Each structure stands twice: as C-alpha cells, then as structure tokens.
2 protein chains.
Amino acid sequence: MSGSATQTVYEQLRVSLLAGRYLPEAKLKISELGSAFSVSTGAVREALARLTAEGLVTAMPQRGFRVAPVSVADLRDLAEMRIEIETKCLRRAIASGDLAWEAAVVAAHHRLAVTPIAAADGGFSPAWIVAHGEFHAALAQACDSAWMLRVRDLLFAHNERYLDLARKTDRGNRDAAREHRELMEAALARDTDRAVAAIAAHIGKTRDTIESALRRAEMDELG
Amino acid sequence: MSGSATQTVYEQLRVSLLAGRYLPEAKLKISELGSAFSVSTGAVREALARLTAEGLVTAMPQRGFRVAPVSVADLRDLAEMRIEIETKCLRRAIASGDLAWEAAVVAAHHRLAVTPIAAADGGFSPAWIVAHGEFHAALAQACDSAWMLRVRDLLFAHNERYLDLARKTDRGNRDAAREHRELMEAALARDTDRAVAAIAAHIGKTRDTIESALRRAEMDELG
DNA sequence: CCCGCAACAAAAATATATTTTCGTGTAAAA
DNA sequence: TTTTACACGAAAATATATTTTTGTTGCGGG
C-alpha cells in the first residue's frame with residue numbers, strides 16, 4: 001500500500017463514491033467496510049469522518065453513516081455554482097497560464113481523447129472518468145487562486161457523483177469529445193470569451209443530460 | 001453533553017481553532033487533547049479528520065496533525081474569494097428574502113450591537129465573535145442556493161481564524177459597528193448595490209487591518 | 001386484529017491495548 | 001572534531017475489546 005491504512009480506505013471509498021458504486025442514501029456499515037478493506041473500524045470511521053466534512057457522506061448521530069443523497073434540485077444548484085466558479089477559474093488560468101500549463105492541457109486532452117469512454121457495465125469506464133477529471137483539472141490548474149481551485153475541486157467531485165447517472169440516456173446522442181476539443185482549443189488560443197462560453201455550455205449540457213436521467217430513474221422507482 | 005463524544009470534541013476544537021486559541025502550525029497532540037477533553041484517542045482522531053477535510057488542520061502522514069498555517073497570501077486570496085461569494089449571496093438573499101429573514105437580520109444585528117467587543121485578554125470577546133458570525137450568516141441565509149451558502153460558510157470560518165489577529169491594531173481606529181449598521185440598513189431597504197458595496201468594503205477593510213497585524217507579527221518574530 | 005412492551009440481536013460509539021514509526025541523543029569510529 | 005550507527009523514548013497508527021444505543025422480533029394484553 002502507498003500510505004497509511006486510513007488514507008487508503010479514504011481514497012478507495014472516495015473513488016467508489018464518485019463512481020456511484022454505492023447507491024445514494026445507502027447505509028455504510030462500518031464493520032462491513034472494515035472487513036472489506038481488511039482494516040480496523042477506527043480507520044474506517046476516520047475516513048468516513050473526512051468524507052462527511054466533504055459532503056459525500058452524511059453522518060447520523062448514533063445511527064451511522066450513509067451515502068449523501070442526490071436530487072434534481074441539488075444537481076441544478078451545483079451546476080449553477082460550477083458555472084460561476086469554473087468560468088472564473090478558466091479566465092484566470094488563461095490569463096496566467098504559461099507554457100507548462102499549455103503542455104499539461106494538451107497532454108491531458110490527448111489522454112482523454114484516446115481513452116475509451118464506455119465500460120463493460122454500460123457506465124463510464126473508470127479510466128475515462130479519471131482522464132476526464134484530470135483534463136478539467138489541468139485546464140483550471142493555472143488559476144492563481146488556491147481557494148478558487150479548492151472550491152472548484154469540491155464542486156467537481158460532487159458533480160462526478162452525478163456523472164455516471166447520465167450514461168444511460170447519453171448513449172451516442174452527444175459528442176462530449178467535441179466539446180472538450182473545442183474547450184481546449186479556445187483555451188490554448190487564449191480566447192477567453194470563447195473558452196468561457198464553451199465550458200459554461202459544457203456544464204449546462206451535462207446538467208440537462210443528468211437531469212433527464214435522474215427524472216427517468218425517479219419515474220422507474222415510483223412506477 | 002449534547003451529542004456524542006466525537007461531536008463534542010469536534011465542535012470544541014473547532015471554536016478553539018477559530019478563536020485562534022492555538023497558534024498556527026502548532027502541533028496537536030492526540031493524547032493530550034484526549035485527556036484534555038477526557039475522551040479516547042479515537043474520538044480525537046475522528047474530529048481531527050473532519051477538521052482536516054475542512055482545511056482548518058493539516059495532517060502529516062505518520063507525523064500527526066498541526067494547526068493549518070496562515071499567511072498574508074492566503075489571507076488576500078481568501079478575502080478576494082469571500083468578496084465574490086458574499087456579494088453573490090447577498091444579492092440573492094435580498095432578492096428572495098422574506099419578512100422572516102428581515103426579522104432575523106434585525107435580531108442578529110441587535111445582538112451584535114449590544115454585545116461588548118473587547119475581551120479581558122485584549123482579543124475579541126467570544127460572545128462578540130459568535131454574534132458577529134451569526135449576523136453575517138443571517139444576512140446571507142435567505143440566499144436560495146445551498147451550495148453557495150455552504151461555500152460561504154467554509155470561507156467565513158477560515159476568515160474567523162484571522163479575525164482575532166486584527167484586534168491588536170484595530171483598537172478604536174475602526175468603526176465596525178457602523179459598517180454593520182450600514183450593511184443591514186441597505187439590505188433591509190433592498191438597495192442591492194449599496195448593500196453589495198458595503199459588504200465588499202467591509203471585507204476589504206477587515207483584510208487590510210488583519211494584513212497589517214499579520215505583518216507586524218512577522219516582524220516581531222524575526223526581530 | 002392491532003397496539004405496546006420486553007427481550008434479543010446488530011451495529012455504532014467509545015475505551016484500551018498493541019504495534020509501528022519517528023525524532024533525538026549518545027557513543028563509537030573515521 | 002565530525003559523522004554515522006544504534007538505541008531509547010515519545011507519539012502516531014492500528015487493532016481489539018467493551019460499552020451503549022438502536023432496531024427488531026415475538027409475546028401478551030387490549
């Protein structure tokens with residue numbers, strides 16, 4: 001293992017959460033997770049405490065932990081906030097990004113472009129999710145405000161939870177690759193307005209797609 | 001005690017941190033804290049894990065926890081971000097605040113106005129800090145975006161850490177009470193532009209005051 | 001047939017014990 | 001005198017054990 005037990009559990013649990021491997025509001029039993037990861041309950045509790053502070057998990061006093069809920073309202077609010085922050089980040093990144101930044105963006109985009117998007121189970125492939133996250137992170141990274149980046153990361157993480165819900169209705173009818181390319185090109189050309197418009201549109205479209213998927217899922221549940 | 005042991009430790013530790021009762025970068029020894037609060041080390045670790053996710057504490061693998069550092073750069077970045085978020089929050093709060101909101105703002109302002117600002121040790125009095133936090137929270141509360149409020153709370157908490165550093169150089173030469181009144185009156189009058197200007201100025205002035213205090217403290221340290 | 005209460009089982013919360021890691025100081029060798 | 005290796009003490013990390021709390025099931029009464 002790389003680091004400590006707690007760290008490992010935290011990271012693994014986090015990617016599982018972000019990959020939607022647990023259902024929203026599902027109970028996270030401490031001893032189960034402990035034996036699954038072969039660590040003590042203390043390590044699990046510590047990891048869950050951190051995830052609670054991030055909002056990915058909710059703690060119910062004396063009643064354990066659950067996966068944070070999702071809702072259309074939260075998704076819309078989140079997307080709106082993301083547009084605010086991501087556009088600001090992007091503006092500043094374009095303004096102060098150097099050659100190293102450009103190179104990192106190109107590299108991340110290349111990895112994203114060549115990574116197959118579909119996984120065996122019909123969702124996004126884990127490799128694509130990682131590449132996608134890293135591309136957007138690379139774009140924002142040159143923003144010269146640590147706090148802005150921090151908030152961006154928080155929002156992006158929560159968005160990832162919703163992302164794989166979209167996969168079902170997203171089959172083929174949307175060209176995310178094209179949006180990413182457009183975004184990269186505008187950023188590298190230092191065309192701030194075009195880049196900002198591209199990322200805002202990208203977030204908006206993603207939101208809409210996820211929202212339909214969410215509504216469909218709710219329908220299925222009730223009917 | 002109200003809730004669980006972990007919860008108690010978390011809350012107490014948090015207010016201590018925000019009140020600047022521990023020095024930045026000071027080591028937070030787990031067993032010391034455990035005996036201080038008369039709880040087990042597990043509870044302390046759990047509380048520290050949450051505070052780490054909030055950024056109030058930094059975790060160093062195999063080397064324990066420390067109080068998060070402060071710096072002029074971080075303060076400036078934080079203040080800039082706060083201006084962005086607080087103004088947006090305030091706009092939306094003014095737009096959608098109802099009578100209950102107005103009442104809460106008036107009440108919070110009254111409590112703030114009548115609470116003595118100075119403590120025996122020369123810092124802000126704990127009661128004033130609470131009242132101050134609640135006044136600003138009340139103002140923002142009517143903002144109809146949960147995510148925006150969440151980010152606002154995070155930023156405000158970090159700002160509080162810096163706040164009491166300002167007390168030394170802030171003695172008498174600044175009328176925070178007046179700024180708060182102006183802010184409240186503009187908000188209640190639904191004068192969005194004036195309110196936004198007031199809060200931006202308020203944050204900016206606070207930043208400047210704290211910055212001088214910080215620089216003075218750095219001077220004292222080195223000479 | 002439904003409601004309440006008691007006993008039981010399961011899981012969370014907490015405490016204690018053990019292991020591991022890190023920093024420090026000391027002594028021997030270059 | 002400087003450096004390096006070793007050992008010791010302190011603190012963190014982890015595991016295990018104990019206590020509390022909660023949720024559930026079955027039984028008796030209404």
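All chains are named by letter (A, B, ...) in the order of the sequence lines, taking the proteins before the strands, and each is independently numbered beginning at 1. On a predicted model such as this, the values are computed, not experimentally measured, just so you know.
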Subject >> Residue pairs fulfilling side-chain hydrogen bond (donor to acceptor under 3.5 Å, both in side chains) with at least one residue in residues 31-48 of chain B, sequence neighbours excluded >> reply: A:Arg45-B:Glu46, A:Glu46-B:Arg45
Which pairs of donor and acceptor atoms, one on a side chain in residues 57-68 of chain A, lie under 3.5 Å apart (sequence neighbours left out)?
unit_1  : atom_1 : unit_2  : atom_2 : d
A:Arg66 : NH1    : A:Glu25 : O      : 2.5

Subject >> Partners passing salt bridge (charged side-chain N to carboxylate O under 4.0 Å, His left out) against B:Arg91 (at least two apart in sequence or in another chain) >> reply: B:Asp193
Subject >> Contact list for residues 75-85 of chain A, test side-chain hydrogen bond (donor to acceptor under 3.5 Å, both in side chains), sequence neighbours left out >> reply: A:Arg76-A:Glu211, A:Asp77-B:Ser145, A:Glu80-B:Arg92, A:Arg82-A:Glu86, A:Arg82-A:Asn159, A:Glu84-B:Lys88
Subject >> Protein-to-nucleotide contact annotation, 5' to 3' order, nucleotides 12-18 of chain C [B base; S sugar-phosphate only; - none; under 4.0 Å, heavy atom] >> reply: SSBBB--
**OP:** Enumerate the residue pairs fulfilling side-chain hydrogen bond (donor to acceptor under 3.5 Å, both in side chains) with a member in residues 105-120 of chain B, sequence neighbours excluded, ordered by first and then second residue.
**Re:** none
